[in-house]
Amino acid sequence: MTSTNQKRTLGEFIFDNQSSFPYSTGELSKLINAIRLAAKITNHEVNKAGLVDILGDAGNTNVQGEDQQKLDVYANEKFIQTLIQRGIVCGIASEEEEDFIAVNSIDGNNNNKYVVLIDPLDGSSNIDVNASVGTIFSIYRRISPLGSPVELRDFLQPGKNQVAAGYIMYGTSTMLVFTTGNGVNGFTLNPALGTFYHSHPNMKFPETGRIYSVNEGNYVHFSKGIKAYIKYCQKEEGDRPYTSRYIGAMVADFHRNLIKGGIYMYPRIGPKQNGKLRLTYECNPIAFLTEQAKGKATTGTKRILDIEPTELHQREAIFCGSVKMVEKLEEFILNGD
Ligand SMILES: O=P(O)(O)OC[C@H]1O[C@](O)(COP(=O)(O)O)[C@@H](O)[C@@H]1O
Ligand SMILES: [Mg+2]
Ligand SMILES: [Mg+2]
């Protein structure tokens with residue numbers, strides 16, 4: 001077992017891999033370093049959530065009509081502040097902000113190339129019960145001309161245009177997992193040293209698995225095909241029944257399935273709603289990681305990364321994980337719905 005010191009740090013990894021980053025001029029490295037810093041600041045508060053006045057409701061609702069938790073607001077502020085203070089992005093969009101935020105470069109111009117979309121605190125319903133939560137981020141190169149103010153279209157690009165994406169998981173340990181289009185790597189924070197170490201190189205989904213993750217409390221609202229797939233998972237046959245695991249934070253359910261093999265599902269809930277998860281800062285970054293880890297991410301009928309977003313906070317159904325399990329689900333949807 002290589003000791004901590006023998007493992008590369010995240011900073012070293014970014015430095016060593018900078019030349020493989022798309023359009024590498026160092027700006028993306030600085031941006032990932034800023035996300036690393038905001039992650040540590042947020043982690044510090046998450047870890048002592050019960051001791052400081054950061055549990056519970058913040059008393060406002062966000063653009064989704066959801067009650068904001070104090071930690072949603074805190075994480076949102078810390079990530080936005082850290083990115084703005086470093087003047088390395090031209091725009092930020094967040095689950096907790098109705099509109100995107102235009103950011104000038106340090107010299108006051110609009111010369112920065114990247115926009116960032118974030119879900120500052122994923123799994124908000126887990127905060128008060130001390131269960132795992134996360135942060136999700138997605139990075140694009142702007143399409144509007146350099147030197148001009150950032151535009152909405154810079155944030156509404158299809159997921160396949162992402163140059164980087166990742167998440168931070170605040171769980172039994174704190175990890176940062178990300179991709180820049182060259183595979184997926186995971187880093188674990190050594191809290192004593194405040195340093196992320198390269199603990200999980202080249203993460204890949206097992207081709208198949210025995211874990212399915214879905215809120216079965218919504219079962220009555222699921223389509224025939226999805227109900228049939230869940231029954232298939234529960235049937236005593238071959239290597240089934242599979243195990244049902246649902247932490248209630250997409251980041252944590254995804255992370256477990258990435259390591260063990262499995263499928264995460266958040267389907268449409270009845271005719272009206274288009275699923276719960278948001279395309280631009282939840283589904284797209286998780287889908288990019290999934291494909292980079294040799295898994296599959298779909299709406300059930302369409303590749304998530306091919307969807308052309310039309311709204312900043314639009315919702316999409318998502319099924320992602322081990323390729324064989326997602327393909328089996330698609331089969332049931334094709335035959336059942
Ligand atoms: O309680 P439900 O409906 O199963 O929803 C849980 C899902 O909603 C989310 O909490 C949505 O994310 P936020 O907490 O960022 O709003 C996911 O992390 C999780 O998988
Ligand atoms: Mg979320
Ligand atoms: Mg959130």
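Predicted model only: the values in this text are computed from it and were never measured. Every number for a ligand or one of its atoms is a count from 1 in the order of the listing. Sequence positions, counted from 1, serve as the residue numbers for this chain.
Which parts of ligand 1 touch D119 is read off a 4.0 Å heavy-atom cut-off, strictly below it: atoms 15 (O). Counting the atoms of ligand 1 from 1 in the order shown, those under 4.0 Å from a heavy atom of E95 are 13 (P), 15 (O), 16 (O). Within ligand 1, counting atoms from 1 as listed, the ones closer than 4.0 Å to a heavy atom of E282 are 11 (C), 12 (O), 13 (P), 15 (O). The ligand atoms of ligand 1 that sit less than 4.0 angstrom from a heavy atom of S124 are 14 (O). Numbered from 1 in the order shown, with element, the atoms of ligand 1 that lie under 4.0 Å from a heavy atom of Y246 read 2 (P), 4 (O), 5 (O), 6 (C), 7 (C), 20 (O). Atoms of ligand 1 lying under 4.0 Å from any heavy atom of M250, numbered from 1 in the order shown and given with element: 17 (C), 18 (O), 19 (C), 20 (O).
When all heavy atoms of T299 and I307 are compared, the closest pair comes out as CG2-CD1, 3.6 Å.
In terms of polar-atom proximity, defined here as any N/O pair under 3.5 Å, Y264 does make such a contact with ligand 1. Taking distance alone, with nitrogen or oxygen atoms compared against 3.5 Å, L277 stays at or beyond that limit from ligand 1.
A donor and an acceptor atom, one from each side chain of S138 and Q162, are located under 3.5 Å apart. A donor-acceptor pair shorter than 3.5 Å can be found between the side chains of R142 and S144. Checked by atom type, the side-chain pair Q234/Y212 shows a donor-acceptor distance below 3.5 Å.
Within E282, OE2 is the N, O or S atom that lies nearest to the Mg ion (ligand 2). Nearest N, O or S atom of D122 to the Mg ion (ligand 2): atom OD1.
The O atom of L121 and the OD1 atom of D119 meet at the Mg ion (ligand 3) at an angle of about 90°, given to 10°.
Only the side chain of R278 comes within 4.0 Å of ligand 1, counting heavy atoms alone; its backbone N, CA, C and O stay farther away. When heavy-atom distances to ligand 1 are checked against a 4.0 Å cut-off, N215 comes that close only through its side chain, counted from C-beta outward.
Closest to atom 5 (O) of ligand 1, if we only count protein heavy atoms, is K276 NZ, 3.0 Å. Of the protein's non-hydrogen atoms, Y266 OH, 2.6 Å is the one closest to atom 3 (O) of ligand 1.
Ligand 1 has L121 within reach: a non-hydrogen atom of the residue lies less than 4.0 Å from it. At least one heavy atom of G123 lies less than 4.0 angstrom from ligand 1.
A donor-acceptor pair under 3.5 Å links the side-chain atoms of S322 to the main chain of G262, judged by distance alone. Using modelled atom types, no side-chain atom of D67 and backbone atom of D57 make a donor-acceptor pair closer than 3.5 Å. Looking only at distances, a side-chain donor or acceptor of N126 sits under 3.5 Å from a matching main-chain atom of S132.
Taking the centre and axis of the six-membered ring of Y219, the NZ or CZ atom of K231 falls inside the cone set by 45° and 6.0 Å.
Salt bridge present: K328 and E331 bring a charged side-chain N and a carboxylate O closer than 4.0 Å.
Atoms CD1 and NZ, from I88 and K113 in turn, are 12.0 Å apart once rounded to the nearest 0.5 Å. Taking CD of Q69 as the reference point, atom CG of N62 lies at 10.0 Å (rounded to 0.5 Å).
Residue E95 does not count as close to the Mg ion (ligand 2), with no N, O or S atom under 2.8 Å.
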